[in-house]
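Step one of this worksheet: look at the structure below.
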Amino acid sequence: MSFEILEKVFYKNNNLQRSTLEKIVSEALHKTDDGELFLEYKQNENYVFEDGKLKTSSTHTRQGFGFRGVVEDKVAYAHSSLLDEESVKRASQTVGAIADGYEGSYAQHTSQENTPLYTPDNPLFSKNINEKIKLLEEIDAYARAKDPKIKQVTASLAGTWQVVDIIRADGSKHFDVRPLVRLNISVIASDGQRMESGSMGVGGRVGYNDYFKKSSWQAQADDAIRQALVNLESIDTPAGDMPVVLGPGWPGVLLHEAIGHGLEGDFNRKKTSAFSGLVGERIAAKGVTVVDDGTLENRRGSLTVDDEGTSTNNTVLIEDGILKGYMQDRLNARLMGVSPTGNGRRESYAHTPMPRMTNTYMLNGNHTVDEMISSVDKGLYAVNFGGGQVDIVSGKFVFCASEAYLIENGKIGPAVKGATLIGNGPDCLTKIKMIGNDFELDRGVGTCGKDGQSVPVGVGQPSLLLDSITVGGTQA
């Protein structure tokens, strides 16, 4: 079924022959070390309902190709939105020129089958536009009726359908058909004195059907409303160094940013990561095991094959506190003398691939969150996070908690506002004192930015107790 889709969107619709493109790629890249022709077709839509009316309704279709040649650590790249034989030939001349006077040995691809992790159906056609708008109207009406303090509601629905074909000079064939959807609900509550917000989102490489079920979207709306009302009662956050308990699931975004980027191959090949040269050494507390797993079915960060044609893997990055390796695309893996891990990703045909995370998470421990809370005399319980920043070289990070509570005498106290966590990724790993048994993945809303490129990702973790971290507060 997937190959039939491929034939239609790329070859029949554009009067192209795959065999012709294979010959062009082989002739252009036979003296290089690596490279590929990446074909992409993508449809997307976005609907936003705000202030009781449809604010945004957009659909977009694009297609094009990116042609890459690699010699040692140098890259030649050409791309075009014109998907025809003449455009590909012109790009091949530009890309092939990188190998003038060079006799490379083109990297053979590991023989692996494409094992689909999601259905190829186009989610954009699973519901008509009237059904999509009606869903957003129902969410808006439900949230406003739920509590009189809810003053503003924003509900959005987005979907994409991406088809890729990756042609390599070694004759191997790799393709993928990738659905992706997301439902977001945000609310603002007011008691007449102050205003606070709450939000919740769900998504994955699936169709829309599950999210149209009333029980599903009402649960998301209820959680967004709960957060806003909790924040409406929040007090100022005390500042200082203190124990912090992180909740399961989405708080794994701190792991993603503060640690994950530092474990990507390009930063470590260039020795600009805080984790460079530390493979085989202890970098985290015992019991800490972190993986990057692109093979989870229907998850937002999963891929049947990455954007270089390598099958994704469950890659162990840290095992029981010991650094085992990095996430690798083909270029950095070859230069570092290791195997690619299926982490070569790009935003679109107009971008070159680089090592990127898929679904990055920490595995379960054996403690309960109640044990963690009861062990803390005075600290913070951070349940959800908003934005954050990290410096890859130093590992320093700042994260804002969107939902957090004081811990007082071993019990959860009042909600607090404006809490920020300030720390250092490598140092943070050594301060983990308890690992929970309540592992969760996030609900499917993550997007990661790197070097101007954005890709969908997943995060996850069990609850964690950090024995000391700097908390930035709002208390005068």
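Shortest non-hydrogen contact noted between A404 and A401 is CB-CB, 4.0 Å. The two residues A228 and V187 have their closest heavy-atom pair at CB-CG2, 3.8 Å. Taking both residues in full, the closest heavy atoms of T420 and C400 are given as CG2-SG, 3.9 Å, listed atom of the first, atom of the second, then distance. In terms of heavy atoms, S273 sits closest to G262 at OG-O, 2.6 Å. In plain terms, the two heavy atoms of I139 and I185 that are nearest each other are CG2-CD1, 3.8 Å. Minimum heavy-atom separation, V202 to V445: N-CG1, 3.6 Å.
Contact check on K151 versus D51 returns no salt bridge, with no Lys/Arg side-chain nitrogen under 4.0 Å from an Asp/Glu carboxylate oxygen. A salt bridge is defined here as a Lys NZ or Arg NE, NH1 or NH2 lying under 4.0 Å from an Asp or Glu carboxylate O, and D451 with R346 fails to meet this definition. A salt bridge links K213 with D210: the closest approach of a Lys/Arg side-chain nitrogen to an acidic carboxylate oxygen falls below 4.0 angstrom. The pair D140-R144 meets the salt-bridge criterion, since a charged nitrogen lies less than 4.0 angstrom from a carboxylate oxygen. E281 and K324 are not joined by a salt bridge, as no carboxylate oxygen comes within less than 4.0 angstrom of a charged side-chain nitrogen. Salt bridge status for R168 with D34: present, with a side-chain N to carboxylate O gap under 4.0 Å.
Atom CG of L335 sits about 5.0 Å away from atom CG of L331, to the nearest 0.5 Å. A distance of 13.0 Å separates OG1 in T358 from CZ in R300, rounded to the nearest 0.5 Å. Annotation: the span from L464 atom CG to D438 atom CG amounts to 8.5 Å, rounded to 0.5 Å. The OG1 atom of T59 sits 10.5 Å away from the CG atom of N46 when rounded to the nearest 0.5 Å. Here the CD-OG distance, from Q220 to S199, works out to 11.0 Å after rounding to the nearest 0.5 Å. Atom CE of M362 is separated from atom CZ of F439 by 10.5 Å, given to the nearest 0.5 angstrom.
Side-chain atoms of S348 and E40, non-hydrogen and from C-beta on, do get closer than 4.5 Å to each other. Side-chain contact between Y211 and V181 is present, with at least one heavy-atom pair separated by less than 4.5 Å. For the pair R269 and E264, the minimum side-chain heavy-atom distance is 4.5 Å or more. Within the 4.5 Å cutoff, the side chain of L136 has heavy atoms near those of the L157 side chain. Between H256 and V457, some side-chain heavy-atom pair lies under the 4.5 Å cut-off. Side-chain contact between M242 and I469 is absent, with no heavy atoms from C-beta onward closer than 4.5 Å. Inter-residue side-chain proximity for P414 and Y405 is flagged as unmet; no heavy-atom pair is nearer than 4.5 Å. Using a 4.5 Å heavy-atom threshold, the side chains of S156 and R182 count as separate.
For the pair R68 and F38, the cation does not sit on the ring face, since its NZ or CZ is not both under 6.0 Å from the ring centre and inside 45° of the axis. Judged by the 6.0 Å distance and 45° axis criteria, K55 is not positioned over the aromatic ring of F49.
In summary, of the residues considered (T312, T295, N359), a side chain to side chain contact (heavy atoms under 4.5 Å, CB included) with S302 occurs for N359 alone. The salt bridge (Lys or Arg N to Asp or Glu O under 4.0 Å) test with D33 is passed by exactly one of R330, K74, R334: R334. Applying the side chain to side chain contact (heavy atoms under 4.5 Å, CB included) test between L465 and each of I435, V244, I432, V376 identifies V376 as the sole match.
In this structure, Y326 has its ring center at least 6.0 angstrom away from the ring center of F275.
At distances below 3.5 Å, not a single donor-acceptor pair connects side-chain atoms of K286 with backbone N or O atoms of G321. Between the side chain of Q453 and the backbone N or O of E347 there is at least one donor-acceptor pair closer than 3.5 Å. Of the possible donor and acceptor atoms, none in the side chain of K411 sits under 3.5 Å from a partner among the backbone N and O of I373. Judged by distance alone, with hydrogens and angles left aside, the side-chain atoms of Y77 form a donor-acceptor pair with the main-chain N or O of H351 at under 3.5 Å. Here the side chain of N313 pairs no donor or acceptor atom with the backbone of T315 at under 3.5 angstrom. A distance-only check finds a donor-acceptor pair linking the side chain of T341 to the backbone of Q328 [under 3.5 Å]. Side chain of T310 to main chain of D306: no donor-acceptor pair is present (N/O by atom type, distance under 3.5 Å, no hydrogens or angles). With hydrogens and angles ignored, the 3.5 Å screen pairs no side-chain donor or acceptor of Q162 with any backbone N or O of R178. Counting only distance, with no hydrogens or angles, the side chain of D307 and the backbone of P353 share no donor-acceptor pair below 3.5 Å. Between the side chain of E233 and the main chain of V230, no donor-acceptor pair closer than 3.5 Å is present.
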* To do: Report the C-alpha separation of D293 and R299 in whole Å, then their side-chain angles, then the decisive distance to 0.1 Å, and conclude whether the salt bridge (charged side-chain N to carboxylate O under 4.0 Å, His left out) test is met.
  => CA-CA 10 Å; D293 189 355; R299 295 299 305 181; over 6 Å; no
* To do: Could you walk me through whether S58 and H60 pass side chain to side chain donor-acceptor pair (under 3.5 Å), step by step?
  => CA-CA 7 Å; S58 65; H60 180 68; over 6 Å; no
* Given the rule in the salt bridge (charged side-chain N to carboxylate O under 4.0 Å, His left out) test, do E308 and R345 qualify, once you have shown the distances and angles that lead to the verdict? -> CA-CA 7 Å; E308 299 177 303; R345 306 188 64 185; over 6 Å; no
* Check step by step if salt bridge (charged side-chain N to carboxylate O under 4.0 Å, His left out) holds for E138 and K214. => CA-CA 9 Å; E138 289 179 347; K214 185 169 291 189; 5.8 Å; no
* Would you check, one step at a time, whether the test side chain to side chain contact (heavy atoms under 4.5 Å, CB included) holds for F397 with E257? => CA-CA 8 Å; F397 63 80; E257 294 288 357; over 6 Å; no
* To do: Decide yes or no on side chain to side chain contact (heavy atoms under 4.5 Å, CB included) for L255 and V459, but give the supporting numbers first.
  => CA-CA 8 Å; L255 179 81; V459 301; over 6 Å; no
* Asked: After noting the C-alpha distance and the side-chain angles of K431 and D427, does the key distance pass the salt bridge (charged side-chain N to carboxylate O under 4.0 Å, His left out) rule?
  -> CA-CA 7 Å; K431 292 185 175 180; D427 184 54; 3.1 Å; yes
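Between Q43 and N122, the side chains place a donor N or O and an acceptor N or O closer than 3.5 Å (distance only, hydrogens not considered). Side-chain contact of D292 with N343: a donor-acceptor pair under 3.5 Å is present, judged by distance alone.
K42 NZ: more than 12 foreign heavy atoms inside a 6.0 Å radius. With a 6.0 Å radius and a threshold of 12 heavy atoms from other residues, nucleotides or ligands, K378 has its NZ atom at or below the threshold. Residue K149 qualifies as open at atom NZ: its count of foreign heavy atoms under 6.0 Å is 12 or below.
In this structure, W161 and Y41 have perpendicular ring planes: the angle between them is above 60°, well past the 30° mark. Classification of the F385-F399 ring pair by plane angle, with boundaries at 30° and 60°, yields perpendicular.
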